[in-house]
Amino acid sequence: MTGTPARTLLLWCPDWPVLAAEIVDGVPATGPVAVLHANRVVACSERARAEGVRRGLRKREAQGRCPQLTVVDYDPGRDARAFEPVVAAVEELVAGVEVVRPGACAVAARGPSRYLGGEEAAAERIIEHVAQSCLVESQVGIADGVFAAGLAARSGRVVPPGGTPEFLAGLPVEALGRSALADLLRRLGVRSLGDFAALPAGDVLARFGFDGALAHRLAAGRDHRPLAVRQPPADLTVTAEQDEPIDRVDVAAFVARALAEQLHERLAGHGLACTRLGIEAVTEHGQELHRVWRHDGLLTAAAIADRVRWQLDGWLSGSSGRTGARPARPTAGIIRLRLIPDGVIAQAGLQAGLWGETGEERERAHRALSRVQGILGPEAVVTAVLGGGRSPADQVRLVPWGDERLPTRPGPAPLPGEPIARPGPALLPGEPIARPGPTPLPGAPIARPGPALLSDEPIARPGRAPLSGESIASGGGRAVSAGRPADHSAGGVPPWPGRLPAPAPAVVLPSPLAATVHDAAGEAVVISARLAVSAPPARLVVGTGRPAEIVGWVGPWPVDERWWAPAEARRRARFQVCLADGTALLLAVEAGQWLVEAIYD
């Protein structure tokens, strides 16, 4: 703990939670407004105070005093976000700012008082700059220490050096901000900070504990710690202005090389390395171009230069690619080029692999794909990302090469204690799933029409016996409600009941193929609303192809998704079939139409 506190300048914005609600949520602070936390007022506007609203009142009492009161919930995140521009405005004039709390920030007064012409002149300059930049009214207090400067800011005072103990002595003990301690001190006859500071420090520690000893130091004008100033982020962006517009790739490559080396040197000076690079270009006609490159590793100067050159080549070359795969050529040459290190880490923060750095073959492949992407556009090179879903098409998302590989849907997670309903066993190459006919496999009866099911009766799955520990109810009917919001687990990840188990199909068709399924008598096989199969499937015809004999099948497994939203509802039943030539297919019946969705290897 320091014995002599440093001269501190503290900027305070009155009623900041109310102002933050106006800045973020648009609540007019000129009206009667109160911010509530735990059903008590923590801040209120000037007009609300004129109506008798005070801090600490309950909501009903505050509304009784001011019926027109606008109530806003307390949100510390909102207060901090709204206060950030104020702190940035202060940092434009002075360095080493500490955010005491949202609405108050402190800085050592020695520096600003020297180059702004004294403490009072510095206070006026900072207040004026904040008002012009952020349209926020503020007050400044200067004293010895943060605590005393905060109390001085309430009245906009500048306490002379050495006069802080005298300034604090006349203030009530409520100024400590500890209501329980202040109430106890008043009952003991201690009513001012001067009376409290006059007590022996050892007796205060023994009677009130460590928090009371800290309050005793503050009352005596001695801060318990120095300023904890924040370091503003370094500006790592590099920019190149061109007198003549760049419309040739070779000239752009030369500029990119010099700019990449400049960026790499600036990052190395701060002990940083780049993992994600933003490239911005502005043309002579004012057109702005932007692209972010990501890299699994550290971008060296040569790697940065390559990516900038590839991107400029993609923008300027105008080489023909697939329609819509790349943006149109700029209408004018580039006059400004900027490199932004969008993702940086400590230079020693990336651990090498088990056998050293990334191999040369992987780096060569990455450079080749990035080169193709720079020429044809970001959407020309994509990779697959697995996620959640019930069908193979739903579980795969294609993302551009280098972008974040995040699934569109969260992956499966079972409910606590609930087994996951699996649509069926994994198919082995050439293995029939179930043999239709008069002698089915033990435990694998063929589906046949039966009585209508009750609304809450589980649907029995034909084609095989349930797996050990598996629920008989399928994941698609209304009784199970597959896909409804209640299916989410405690962590917010849906369990995806009724999804296909591993292994996944080898080929997922981009567009399902129309097909027809016939029984042994040549009649079309249909599925009723109660999932009753009219007859065992015997032959399959895909499109206009030749009929293929079905030697094994299993199903149906219903999927009734988003039935509560008629515009998005989808109901279908899926089958797995095995043909005479050993091919295994995934079929679906939707709106009475048979479809081939995927092919197993």
Side-chain angles (χ1 to χ4, degrees), residues 1 5 8-19 33-59 61-62 65-66 74 76 79 99-106 138-159 163-201 203-225:
M1 296 184 179
T8 304
L9 182 152
L10 188 140
L11 180 136
W12 172 62
C13 300
D15 306 327
W16 181 253
V18 177
L19 293 178
V33 181
V35 179
L36 270 67
H37 177 61
N39 204 38
R40 289 188 179 272
V41 177
V42 296
C44 57
S45 64
E46 183 177 357
R47 185 174 172 184
R49 283 193 297 271
E51 298 289 338
V53 180
R54 296 292 184 268
R55 294 180 57 185
L57 292 180
R58 292 187 177 273
K59 177 181 178 181
E61 184 178 358
R65 296 186 180 185
C66 180
Y74 174 66
D79 297 349
V99 178
V100 180
R101 62 182 181 277
C105 60
S138 60
Q139 298 178 190
V140 168
I142 301 178
D144 298 336
V146 177
F147 175 71
L151 296 179
R154 303 280 176 167
S155 56
R157 292 186 55 180
V158 177
V159 180
T164 297
E166 182 181 356
F167 164 71
L168 294 176
L171 298 177
V173 291
E174 285 78 9
L176 291 171
R178 295 164 169 82
S179 58
L181 178 62
D183 181 68
L184 178 59
L185 290 175
R186 280 196 171 275
R187 287 189 280 113
L188 293 175
V190 180
R191 301 181 180 278
S192 66
L193 294 184
D195 297 339
F196 186 41
L199 298 177
D203 295 342
V204 171
L205 177 62
R207 177 62 179 83
F208 302 105
F210 289 102
D211 187 67
L214 173 60
H216 183 261
R217 288 185 57 88
L218 297 178
R222 301 190 302 270
D223 269 4
H224 66 291
R225 62 173 179 82

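The model shown is predicted, which means the values in this text are computed figures rather than measured ones. Each residue takes its place number in the sequence, starting with 1.
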Only distances under 3.5 Å count here; give the side-chain donor-acceptor pairs of residues 38-46 to other protein atoms, sequence neighbours excluded, each with its distance to 0.1 Å.
{"unit_1": "R40", "atom_1": "NH1", "unit_2": "G56", "atom_2": "O", "d": "2.7"}
{"unit_1": "S45", "atom_1": "OG", "unit_2": "G31", "atom_2": "O", "d": "2.7"}
{"unit_1": "S45", "atom_1": "OG", "unit_2": "V33", "atom_2": "N", "d": "3.0"}
{"unit_1": "S45", "atom_1": "OG", "unit_2": "A48", "atom_2": "N", "d": "3.4"}

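- Between R54 atom CZ and R65 atom CZ the span is 7.5 Å, to the nearest 0.5 Å.
- In this structure, the separation between CG on L185 and CZ on R178 is 11.0 Å, given to the nearest 0.5 Å.
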One pair to check against side-chain contact (heavy atoms from CB on, under 4.5 Å): R154 and L171. What are the steps and the verdict? CA-CA 12 Å; R154 303 280 176 167; L171 298 177; over 6 Å; no

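- Distance CG/D211 to CG/L205: 11.5 Å, rounded to 0.5 Å.
- Across every non-hydrogen atom of L176 and A215, the tightest pair is CD2-O, 3.8 Å.
- Within the model, atoms CG of L188 and CG of D195 stand 12.0 Å from one another, a figure rounded to the nearest 0.5 Å.
- Of all non-hydrogen atoms in P165 and A220, the two that sit nearest each other are CG-O, 3.9 Å.
- For L168 against L218, the heavy-atom pair with the smallest separation is CD1-O, 3.4 Å.
- For the pair R47 and E51, the salt-bridge criterion is not met [side-chain N within less than 4.0 Å of a carboxylate O].
- The shortest heavy-atom contact between V190 and L199 is CG2-CD1, 4.4 Å.
- Identified under the ring pair (Phe, Tyr, Trp, His ring centres under 6.0 Å) test for residues 178-200, with sequence neighbours left out: F196-H216.
- Within the 3.5 Å criterion, the main-chain N or O of P5 finds no donor-acceptor partner in the side chain of D223.
- No donor-acceptor pair under 3.5 Å is formed between the side chain of Q139 and the backbone N or O of W12.
- The distance from the CZ atom of R191 to the CD atom of E174 is 9.5 Å, given to the nearest 0.5 Å.
- Other residues, nucleotides and ligands place no more than 12 heavy atoms under 6.0 Å from the CZ atom of R58.
- Nearest heavy atoms, L181 versus G212: CD2-CA, 4.4 Å.
- Separating the CD atom in E61 from the SG atom in C66 is a distance of 13.0 Å, to the nearest 0.5 Å.
- Summarising the local packing, CZ of R55 is surrounded by 12 or fewer heavy atoms from other residues, nucleotides or ligands at distances under 6.0 Å.
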Using side-chain contact (heavy atoms from CB on, under 4.5 Å), reason through Y74 and D79 one step at a time and then give a plain yes or no. CA-CA 9 Å; Y74 174 66; D79 297 349; 3.5 Å; yes

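- Here the side chain of T164 pairs a donor or acceptor atom with the backbone of D144 at under 3.5 angstrom.
- Shortest non-hydrogen contact noted between V173 and L193 is CA-CD2, 3.9 Å.
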